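To find a chain, count down the sequence lines: A is the first, B the second, and so on, and within it residues start at 1. For the numbers below, each heavy atom of this structure counts, side chains included, while hydrogens, waters and symmetry mates do not. Since we're looking at a predicted model, the values are computed, not measured.
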There are 2 protein chains.
Amino acid sequence: MVNNRNNSEHVFTIKEVAQLAGVSSATISRFINGKMNRMSKETAAKIADIIDQTGFVVNATARQLSTHNSQLVAVVAADIDDYFSTEFFKGASSVLEQNQLTAILFDSNSDKKRELTNLKIINHQVFDGLIIQPLINEQSELRQEIRQGLKTIIVDRDLHTQDWTMVTTNNYSISQQTAAYFRQQQFDDCIVISEAVTGTSTREDRSAGIRTVFPNASLIEIDNSRPFIKENEKKALAMIEKNRAAKRKTLFFFLKERLLLAFFPTFMHHDLLSAPDIAITAFSDTAIVKRLLPDSKLIKQDPFLMGATAAEILADRINNQQTPNISSNQIVIPAKLQ
Amino acid sequence: MVNNRNNSEHVFTIKEVAQLAGVSSATISRFINGKMNRMSKETAAKIADIIDQTGFVVNATARQLSTHNSQLVAVVAADIDDYFSTEFFKGASSVLEQNQLTAILFDSNSDKKRELTNLKIINHQVFDGLIIQPLINEQSELRQEIRQGLKTIIVDRDLHTQDWTMVTTNNYSISQQTAAYFRQQQFDDCIVISEAVTGTSTREDRSAGIRTVFPNASLIEIDNSRPFIKENEKKALAMIEKNRAAKRKTLFFFLKERLLLAFFPTFMHHDLLSAPDIAITAFSDTAIVKRLLPDSKLIKQDPFLMGATAAEILADRINNQQTPNISSNQIVIPAKLQ
DNA sequence: TTGTACGCGTTATCAC
DNA sequence: GTGATAACGCGTACAA
């Protein structure tokens with residue numbers, strides 16, 4: 001059936017279509033909602049024809065006002081500059097699509113104020129569900145900002161609560177496991193490189209896991225706004241020197257891929273990449289680092305699967321009116337050391 | 001003023017608030033829309049109090065149905081895995097925010113079908129404007145998919161039309177300029193590395209610009225789904241050997257940063273990074289490559305500024321009912337060789 | 001300064 | 001099978 005929609009600016013309403021088809025608006029509504037069981041072939045054909053000619057599309061806003069649902073799911077990412085965020089969105093998006101739901105992405109831009117704005121908008125609109133990788137790390141605080149009754153899944157953050165379903169990674173144990181692996185290889189000193197650790201559950205968990213093995217691990221904290229500052233590199237090099245003087249082997253543990261990328265040139269220029277007394281590991285989701293350091297052991301999360309898992313639970317809850325099952329309120333998608 | 005919203009599931013409507021405040025719903029409406037000029041201090045205070053107690057928020061859907069606008073702008077990105085896309089969104093988003101508009105991000109995931117789905121949703125909802133980095137490269141085709149009357153700005157694609165305002169980069173001339181720069185340094189052969197060139201205006205323009213200087217440039221075309229395939233690297237190494245045998249210097253011209261990153265390890269392991277007869281250049285928006293190759297000359301676009309520029313024009317058009325000015329329908333944000 | 005009443009475009013419950 | 005018509009929650013003349 002060719003779509004002959006004319007080119008005028010006019011947007012047709014259900015009423016106008018009804019008039020043109022010589023039926024009532026109720027019948028049009030039935031037609032566009034696929035309730036053909038009680039409708040003559042002739043009227044159906046007639047209506048199809050008119051809709052085709054006019055290029056009529058339903059006004060989703062009016063429909064939402066009437067039905068109180070939208071088939072729309074809001075996905076709030078901490079920062080779309082991170083591969084984790086975009087990939088987790090893509091996972092969620094693809095599963096939601098299979099369930100006749102549409103994912104809409106909001107970027108908090110690593111900014112709590114922005115996250116609040118996003119949540120405010122989401123509360124005002126008719127979203128059937130929410131998947132969020134929150135910046136706010138206090139469950140009581142976050143609770144304030146999410147409209148009651150909005151079906152919500154938390155991703156990548158452990159808020160220590162039963163109120164929401166959470167899809168997380170085994171940050172603590174994989175960090176511990178990785179640290180132990182290198183400890184066994186006689187690496188006696190560990191330098192953790194991360195953005196501000198306190199206040200973000202993922203980084204706190206990772207750091208804690210490492211410290212069960214390296215209680216005295218040092219920390220180089222990166223200021224997000226100036227990741228490439230020379231100061232940091234000097235600190236790292238100085239630590240290496242100190243360890244070398246003491247005949248100790250040094251492990252660099254990057255809590256985020258981007259930070260390793262920032263340090264990589266320095267390591268390269270100082271010929272540290274294949275030094276036997278230096279090891280580098282990192283949380284690294286993309287393939288880039290593994291290509292740069294083919295012999296390295298890296299921690300790989302599965303953000304796509306995390307998003308997909310969150311979406312599956314949410315879709316089920318939306319379409320089948322499932323209520324959260326307390327016993328399975330936290331799903332852990334394990335990261336792998338490889 | 002403390003927000004004492006109670007914790008019940010109930011969502012208050014304007015009518016209920018009106019009743020509680022002992023005024024009509026019209027007065028509440030005036031209050032929430034800031035029309036305080038004609039309202040007694042007392043009623044205003046009373047209303048503020050009730051709104052505070054009830055935690056009332058306006059139903060954006062109902063408002064949209066009534067006003068036909070939403071203060072929402074849809075931003076459609078080609079693929080949020082690309083730094084360009086996310087950065088252009090962040091630019092647009094920040095400017096829109098300053099204009100009391102909210103940017104909502106749709107990801108086409110490098111998939112034309114997905115782009116169509118996104119546009120369909122956008123057509124159904126009440127968006128005040130659209131900023132799109134389209135996958136569809138035919139203006140007539142794209143025209144079909146965008147609702148008449150939707151204020152639209154095209155980013156990063158030259159659709160060769162006056163119908164829309166377009167914000168683009170000087171892909172052609174910067175490529176030419178860069179090629180010329182290396183030509184002058186006695187690089188006699190150029191190898192272009194890109195995803196499929198035909199069908200995407202940006203890549204076509206870049207390739208054409210290069211070919212004005214290197215008419216015989218070879219092309220290594222990367223299959224997006226298998227960027228790391230060994231085949232490509234072998235091809236590159238073979239070309240180098242051939243050129244070396246003929247005492248020719250070779251320029252590698254990557255049309256996308258990610259591709260250079262994919263090849264980088266190979267170049268590194270074959271000691272090609274500082275070989276005098278090999279040069280590497282690329283369209284490279286992030287700081288990573290420049291750090292990896294501090295002495296290289298790279299092309300840097302400004303996606304943030306492109307998004308911001310698009311948003312500025314759109315915001316002006318939405319808020320001031322400006323109509324497009326034909327004479328300035330294409331804005332070029334130049335990339336720089338640095 | 002405030003209230004009444006209608007419209008926005010759909011859906012859904014009755015009737016017929 | 002189909003048609004009136006009352007919601008849905010808000011904005012806005014027009015009155016008062």
Could you list the residues that satisfy side chain to side chain donor-acceptor pair (under 3.5 Å) with [X], not counting sequence neighbours?
| X | value |
| --- | --- |
| B:Thr152 | none |
| B:Asn109 | A:Lys90 |
| A:Thr200 | A:Arg203 |

### Task
Could you list the residues that satisfy side chain to side chain contact (heavy atoms under 4.5 Å, CB included) with A:Asn69, not counting sequence neighbours?
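Residues passing side chain to side chain contact (heavy atoms under 4.5 Å, CB included) with A:Asn69: A:Thr67, A:Gln71, A:Asp128.
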### Query
Can you name the residues that form a side chain to side chain contact (heavy atoms under 4.5 Å, CB included) with A:Glu138, not counting sequence neighbours?
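Partners of A:Glu138 by the side chain to side chain contact (heavy atoms under 4.5 Å, CB included) criterion, ordered by chain and then number, come out as A:Ser140, A:Glu141.
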Give the table of side-chain donor-acceptor pairs shorter than 3.5 Å for residues 129-136 of chain B, with sequence neighbours excluded, one pair per line with atom names and distance.
residue: B:Gln133; atom: OE1; partner: B:Ala78; partner atom: N; Å: 3.0
residue: B:Gln133; atom: OE1; partner: B:Ser85; partner atom: OG; Å: 2.8
residue: B:Gln133; atom: NE2; partner: B:Asp156; partner atom: OD2; Å: 3.4

### Query
Residues in salt bridge (Lys or Arg N to Asp or Glu O under 4.0 Å) with B:Glu97, at least two apart?
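Expected list: A:Arg114.
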### Set of salt bridge (Lys or Arg N to Asp or Glu O under 4.0 Å) partners for A:Arg147, sequence neighbours left out
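Result, salt bridge (Lys or Arg N to Asp or Glu O under 4.0 Å) vs A:Arg147: none returned.
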### Message
Output one letter per nucleotide in nucleotides 10-15 of chain C: B when a protein non-hydrogen atom lies under 4.0 Å from the base, S when only the sugar-phosphate is that close, - when neither is.
### Response
BBB---
### Message
Listing request: all salt bridge (charged side-chain N to carboxylate O under 4.0 Å, His left out) pairs with a residue in residues 22-35 of chain A, at least two apart in sequence or in separate chains.
### Response
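Pairs touching residues 22-35 of chain A that pass the test: none.
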### Query
Reckon B:Ser40 has a side-chain N or O less than 4.0 Å from the OP1 or OP2 of C:dT2?
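The answer is yes; a side-chain N or O of B:Ser40 sits under 4.0 Å from OP1 or OP2.
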### Task
Would you check if B:Phe127 and B:Val73 make a side-chain contact, meaning some heavy-atom pair closer than 4.5 Å?
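Side chain of B:Phe127 against side chain of B:Val73, heavy atoms only: no contact under 4.5 Å found.
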### Query
Starting at the 5' end of DNA chain D, what dot-bracket string do you get if Watson-Crick and G-U pairs under 3.5 Å are bracketed, crossing pairs use [ ], other-strand pairs use | and unpaired bases use dots?
||||||||||||||||
### Query
Base, sugar-phosphate, or nothing for A:Thr61, non-hydrogen atoms under 4.0 angstrom?
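Nothing: the residue A:Thr61, judged by heavy atoms under 4.0 Å, touches no strand.
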### Query
For the pair made of NZ in B:Lys46 and P in C:dT2, what is the distance, rounded to whole Å?
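Rounded to whole Å, this separation is 13 Å.
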### Query
Quick one: how far along DNA chain D does chain A reach, first to last nucleotide 5' to 3', anything under 4.0 Å to a heavy atom?
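The contact span of chain A on DNA chain D goes from D:dG1 to D:dG9.
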